[in-house]
Amino acid sequence: MAGTVFFSVTMSLDGFIAPESLPVDDFFAPDRQDDPQVQRWMAQWAELQQWVFPLRFFRENLKLGEGGEESRDNDIARETFERTGASVMGKRMFDLGEQAWPKEAPFHTPVFVVTHARRDPWERPGGTTFHFVNDGIEHALDQARAAAGDRDIRIAGGGATILQYLNAGLVDEFTITLSPVLFGAGTRLLDGVDASRVALEPVRSESSPRVTHLTYAVHPR
């Protein structure tokens with residue numbers, strides 16, 4: 001039985017899932033670390049994701065040490081990880097992560113990167129192998145389905161890749177974690193969505209002291 005195709009992202013109250021885009025190299029170049037634009041991006045990203053940093057599961061998965069918060073937020077983070085048998089992501093997300101993720105990347109499953117470039121699979125410790133797919137989003141999803149078995153497939157990001165899958169009718173469900181911050185500008189999750197083809201059905205809403213988790217089923221309109 002094929003698994004559910006889903007995405008799960010944190011979003012600001014004004015609809016952004018990331019601050020305004022910067023060149024990937026700017027984030028890691030030693031001579032850009034004091035750049036106000038880079039510092040602002042990092043501060044906004046940390047504020048958006050503040051709900052996840054204290055969680056026990058987050059600390060365990062990134063091997064940051066023992067302890068951490070046990071809560072419904074923690075349960076949701078763990079459940080999202082445990083249901084995922086394979087992930088799909090875009091090239092920009094991979095380029096950022098390749099430099100930022102620890103040696104033992106936090107997926108622990110196959111990851112399929114949608115790209116135009118050819119590259120051999122990149123195996124990391126802990127069960128993560130990145131596969132590079134240069135013949136379209138459908139082929140990347142087909143490979144992810146085969147790798148996931150009876151578990152679900154997560155469209156990990158970024159926003160443009162999520163939107164491609166959503167507009168193609170390839171997403172079954174998604175969860176937005178609303179974080180109580182305002183960006184004013186940045187990467188909008190649903191900027192360019194084909195509303196004539198996408199209908200949503202509320203599945204559940206769960207609130208915590210930090211965020212609100214909203215889950216929707218996706219249907220063709």
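No donor-acceptor pair closer than 3.5 Å links the side chain of Thr84 to the backbone N or O of Ile153. Asp152 contributes no side-chain N or O that, together with a main-chain N or O of Gly3, makes up a donor-acceptor pair within less than 3.5 Å. With Thr115 contributing its side chain and Ala117 its backbone, the two residues share a donor-acceptor pair below 3.5 Å. Side-chain atoms of His131 never come within 3.5 Å of backbone atoms of Phe112 as a donor-acceptor pair (strictly under, hydrogens ignored).
Judged as a ring-ring contact (aromatic ring centres under 6.0 Å, His included), and not counting sequence neighbours, the contacts of Phe7 are Phe174. In this view, Phe57 and Phe81 satisfy the ring-ring contact (aromatic ring centres under 6.0 Å, His included) rule, not counting sequence neighbours. By the side chain to side chain donor-acceptor pair (under 3.5 Å) test, Glu69 pairs with Ser71, Arg210, sequence neighbours left out. Annotation: ring-ring contact (aromatic ring centres under 6.0 Å, His included) contacts of Trp101 (sequence neighbours excluded): Phe107, Phe130. Thr175 pairs by the side chain to side chain donor-acceptor pair (under 3.5 Å) definition with Thr215, not counting sequence neighbours.
A heavy-atom distance below 4.5 Å is not found between the side chains of Asn134 and His116. For the pair Val113 and Val133, the minimum side-chain heavy-atom distance is 4.5 Å or more. Counting only heavy atoms from C-beta outward, the side chains of Lys103 and Pro125 approach each other to under 4.5 Å. By the 4.5 Å heavy-atom criterion applied to side chains, Thr128 and Thr109 are not counted as neighbours. No side-chain heavy atom of Trp41 sits less than 4.5 Å from a side-chain heavy atom of Val38. Looking at heavy atoms from C-beta onward, Val111 lies out of side-chain contact with Trp122 at the 4.5 angstrom threshold. Counting heavy atoms from C-beta on, the side chains of Ile176 and His213 never come closer than 4.5 Å. Contact of the Thr212 side chain with the Ser207 side chain is registered, since non-hydrogen atoms from C-beta on lie closer than 4.5 Å.
Pairs passing the salt bridge (charged side-chain N to carboxylate O under 4.0 Å, His left out) check and including a residue from residues 178-190, sequence neighbours excluded, do not occur. Applying the salt bridge (charged side-chain N to carboxylate O under 4.0 Å, His left out) test to pairs two or more places apart or on separate chains, those with a residue in residues 189-205 are Arg204-Glu206. Residue pairs meeting the salt bridge (charged side-chain N to carboxylate O under 4.0 Å, His left out) criterion with at least one member in residues 169-179, sequence neighbours excluded, are Arg83-Glu173. Among residue pairs with one or both ends in residues 180-200, none qualify as ring pair (Phe, Tyr, Trp, His ring centres under 6.0 Å); sequence neighbours excluded. Residue pairs satisfying the salt bridge (charged side-chain N to carboxylate O under 4.0 Å, His left out) criterion with at least one member in residues 38-58, sequence neighbours excluded, are listed as follows: Arg56-Glu60, Arg56-Glu70.
The two residues Gly184 and Asp14 come nearest to each other via the heavy atoms N-OD2, 2.7 Å. Looking at every heavy atom in both residues, Thr10 comes nearest to Ser179 through CG2-CB, 3.9 Å. A pairwise comparison of heavy atoms in Gln50 and Pro180 identifies NE2-CD, 4.3 Å as the closest pair. Of all the heavy atoms in Leu166 and Val198, the pair that sits closest is O-CG2, 3.9 Å. Pairing each heavy atom of Ser208 with each of Asp73, the nearest pair is OG-OD2, 2.9 Å. Of all heavy-atom pairs between Met89 and Ala156, the closest is CB-CB, 4.3 Å.
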- side chain to side chain contact (heavy atoms under 4.5 Å, CB included) between Arg78 and Asp75, intermediate numbers included: CA-CA 5 Å; Arg78 188 181 298 278; Asp75 293 343; 5.8 Å; no
- Working for side chain to side chain contact (heavy atoms under 4.5 Å, CB included), residues Leu214 and Leu178: CA-CA 8 Å; Leu214 302 172; Leu178 276 179; 3.7 Å; yes
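Between Arg154 and Glu79 no salt bridge is recorded (no basic side-chain N to carboxylate O distance below 4.0 Å).
The other residues sharing a hydrophobic cluster with Phe58 are Trp51, Val52, Phe53, Leu55, Leu62, Leu64, Val211, where clustering joins ILVMFWY side chains under 4.5 Å apart.
Note that the OG atom of Ser196 and the CG atom of Asn167 stand 8.5 Å from one another [nearest 0.5 Å]. Taking CG of Asp35 as the reference point, atom CE of Met42 lies at 11.0 Å (rounded to 0.5 Å). From Gln44, atom CD reaches atom CG of Leu182 across 10.5 Å, with rounding to the nearest 0.5 Å. Note: Leu189 CG to Leu163 CG = 7.5 Å, rounded to the nearest 0.5 Å.
Transitive grouping of hydrophobic side chains (ILVMFWY, heavy atoms separated by less than 4.5 Å) keeps Phe6 and Val171 in distinct clusters. A continuous path of hydrophobic side-chain contacts links Val9 to Leu190 [ILVMFWY only; heavy atoms under 4.5 Å]. Linking Ile, Leu, Val, Met, Phe, Trp and Tyr residues whenever their side-chain heavy atoms come within less than 4.5 Å places Leu170 and Val114 in a single cluster. Using a 4.5 Å cut-off between side-chain heavy atoms of Ile, Leu, Val, Met, Phe, Trp and Tyr, with links allowed through other members, Val181 and Phe16 fall into the same hydrophobic cluster. Met93 and Ile162 sit in two unconnected hydrophobic clusters of ILVMFWY residues. Membership requires side-chain heavy atoms under 4.5 Å apart, directly or through other members.
Remark: Gln39 CD is packed, more than 12 non-hydrogen atoms of other residues, nucleotides or ligands lying under 6.0 Å away.
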Side-chain atoms of residues 137-149: list all donor-acceptor pairs with protein atoms under 3.5 Å, sequence neighbours left out, distances to 0.1 Å.
from, atom 1, to, atom 2, distance (Å)
His139, ND1, Asp135, O, 2.8

